[in-house]
Q: 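Below: one structure in structure tokens.
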Amino acid sequence: CPSRLLVGAPWDGNGQGDIYKCDVGLQNSSCAKANLGAAAPWLRSSAGHLGMTLVDSKDGGFVVCAPLWSQECGTSVFSSGRCVQLNEELQLMGTIAPTAQREWGGMYWDVLGCATLVSPCPLPGCSTYMDIILVLDGSNSIYPWEEVQAFLGNILGRFFIGPGQTQVGVLQYGERLVQEWALGQHPTAQGLLEAARNLTRQEGRETRTAMAIRQA
């Protein structure tokens, strides 16, 4: 009985990726492309490099991932990755959204330097924009504060700020928690960046990160 070899081809199709099924042990063996893009059209929307990760699943099938798959939502791009579940015949059984950003909504967490970004995930079709809460460490362990202000301005400059678009709030913590500004308090990018430049450090000898994230 000939063996079968599955080969991930993450650069296939201009980076969309695919997998190939190859027979092993037969004379004149060849490989057949799975053409997963036909079964999962979302693969064609981004150079996600499907096949970069390929593992067996407990049900006898396989899980193939496109770790660089991205989704545009308004003026923002979420590079969350995506996986597909296949049966033994390489037929598509379902799509697996990553735990960091679930396709059907939830929370998106990303730790960026001294801040934690907490925002709702986009719903299918990007029908909503983002409400973002930035949680800043303002304790004595963060120095110099000017680098935090520059970091904050750099992050905020990447979002399209405006009514009905992206809103940003900021919590700062050390020994205590302070809401620097609420969602929608600064409805324009210019006002938001000005607030970031004028943000002062709360200080404190303790760093109560868990308290701040729970509050956010």
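Throughout, numbering of the chain's residues begins at 1 and tracks the sequence.
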Q: State, to 0.1 Å, how close Ser141 and Ser139 come at their nearest heavy-atom pair, and which atoms those are.
A: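 Ser141 and Ser139 have their closest heavy atoms at OG-OG, 2.8 Å.
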Q: Going by heavy atoms in the side chains, are Thr166 and Ile132 under 4.5 Å from each other?
A: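 Thr166 vs Ile132: side chains touch.
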Q: Apply side chain to side chain contact (heavy atoms under 4.5 Å, CB included) to the pair Ile19 and Val7, showing each step before the final yes or no.
A: CA-CA 6 Å; Ile19 61 174; Val7 180; over 6 Å; no
Q: Evaluate the side-chain proximity of Leu50 to Val84: yes if any heavy-atom separation is below 4.5 Å, no if none is.
A: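 Heavy-atom side-chain distance check passes, below 4.5 Å.
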Q: Hey, could you give me the CG/CG distance between Leu86 and Asp56, rounded to the nearest 0.5 Å?
A: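 If I round to the nearest 0.5 Å, the distance is 11.5 Å.
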Q: Test side chain to side chain contact (heavy atoms under 4.5 Å, CB included) on Val55 and Phe62 and set out the steps.
A: CA-CA 6 Å; Val55 296; Phe62 307 91; over 6 Å; no
Q: Return the CD to CG distance between Glu194 and Leu156, rounded to the nearest 0.5 Å.
A: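 Atom-to-atom, Glu194:CD and Leu156:CG are 12.5 Å apart.
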Q: Does Met93 belong to the same Ile/Leu/Val/Met/Phe/Trp/Tyr cluster as Leu90, with side-chain heavy atoms less than 4.5 Å apart forming each link?
A: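 Unlinked, Met93 and Leu90 end up in two clusters.
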Q: How would you list, by chain and number, every residue that makes a side chain to side chain donor-acceptor pair (under 3.5 Å) with Asn87, sequence neighbours excluded?
A: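 Expected list: Gln91.
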Q: Closest approach of Ala212 and Val135, non-hydrogen atoms and distance?
A: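 It is CB-CG1, 3.6 Å.
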Q: Would you say Leu177 ends up clustered with Leu183 if hydrophobic residues are merged whenever their side chains have heavy atoms under 4.5 Å apart, either directly or through other cluster members?
A: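 Hydrophobic grouping puts Leu183 with Leu177.
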Q: Would you check if the side chain of Trp145 reaches a backbone N or O of Leu199 as a donor-acceptor pair within less than 3.5 Å?
A: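 Yes; judged by distance alone, with no hydrogens or angles, the pair exists.
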Q: Please tell me whether Trp181 and Phe151 are part of a single hydrophobic cluster in this structure, the criterion being side-chain heavy atoms less than 4.5 Å apart.
A: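 Both belong to a single hydrophobic cluster.
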Q: Spell out, as yes or no, whether a donor-acceptor pair under 3.5 Å connects the side chain of Gln185 to the backbone of Ala182.
A: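 Pair found, side chain donor or acceptor close to backbone of Ala182.
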Q: Under 3.5 Å, side chain of Ser46 to main-chain N/O of Ser70, donor-acceptor pair present?
A: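 Looks like yes, one N/O pair under 3.5 Å.
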Q: Has Thr188 got a side-chain atom pairing as donor or acceptor with His186's backbone, closer than 3.5 angstrom?
A: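 Looks like no, no N/O pair under 3.5 Å.
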Q: Return the CZ to CD distance between Arg201 and Gln172, rounded to the nearest 0.5 Å.
A: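 One gets 8.5 Å once the value is rounded to the nearest 0.5 Å.
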Q: Please round to the nearest 0.5 Å and tell me the distance separating atom CG of Leu171 and atom CD of Gln215.
A: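 One finds 6.5 Å between CG of Leu171 and CD of Gln215.
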Q: Which pair of heavy atoms, one from His49 and one from Pro67, lies closest together, and at what distance?
A: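 Residues His49 and Pro67, closest heavy atoms: O-CD, 3.7 Å.
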Q: Does atom CG (Asn14) have a neighbourhood of more than 12 heavy atoms from anything else shown, all under 6.0 Å?
A: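 Counting neighbours around CG of Asn14, 12 or fewer heavy atoms of other residues, nucleotides or ligands fall under 6.0 Å, so no.
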Q: If you measure only the distance, is there a donor-acceptor pair under 3.5 Å linking the side chains of Thr209 and Tyr173?
A: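 Indeed, the side chains of Thr209 and Tyr173 share at least one donor-acceptor pair under 3.5 Å.
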Q: I need the minimum non-hydrogen distance between Leu152 and Ala196, along with the two atoms involved.
A: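 What the structure gives for the nearest pair is CD2-CB, 3.7 Å.
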Q: Using atom types as modelled and distance alone, determine if a side-chain donor or acceptor of Asp12 lies under 3.5 Å from a backbone N or O of Asp18.
A: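 Side chain of Asp12 to backbone of Asp18, a donor-acceptor pair under 3.5 Å: no, none is there.
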Q: For the backbone of Gly61 and the side chain of Glu88, can you confirm whether one donor and one acceptor N or O come within less than 3.5 Å of each other?
A: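 Not confirmed, Glu88 side chain does not pair with Gly61 backbone.
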Q: Going through the distances and angles, do Leu36 and Leu92 end up as a side chain to side chain contact (heavy atoms under 4.5 Å, CB included)?
A: CA-CA 8 Å; Leu36 294 178; Leu92 182 67; 5.5 Å; no
Q: With the 4.5 Å side-chain cut-off for hydrophobic clustering, are Trp11 and Leu68 part of the same group?
A: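 No, separate clusters.
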Q: How many angstroms lie between atom CD of Gln149 and atom CG of Leu193, to the nearest 0.5 angstrom?
A: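 That separation rounds to 12.5 Å.
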Q: Applying the 4.5 Å side-chain criterion to the ILVMFWY set and letting contacts propagate, would Ile133 and Met211 be lumped into a single cluster?
A: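 Cluster IDs for Ile133 and Met211 match.
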Q: Quick one: pull up SG in Cys65 and CZ in Arg82 and give me the separation to the nearest 0.5 Å.
A: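 Interatomic distance, Cys65 SG to Arg82 CZ, rounded to 0.5 Å: 12.0 Å.
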Q: Got Arg205 and Glu175 here, is their nearest side-chain heavy-atom distance under 4.5 Å?
A: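 The answer is yes; the side chains approach within 4.5 Å.
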Q: If you look only at pairs with a residue in residues 141-171, which of them pass as a disulfide (SG to SG under 2.5 Å), with sequence neighbours excluded?
A: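 For residues 141-171, and leaving out neighbouring residues, there are no disulfide (SG to SG under 2.5 Å) pairs at all.
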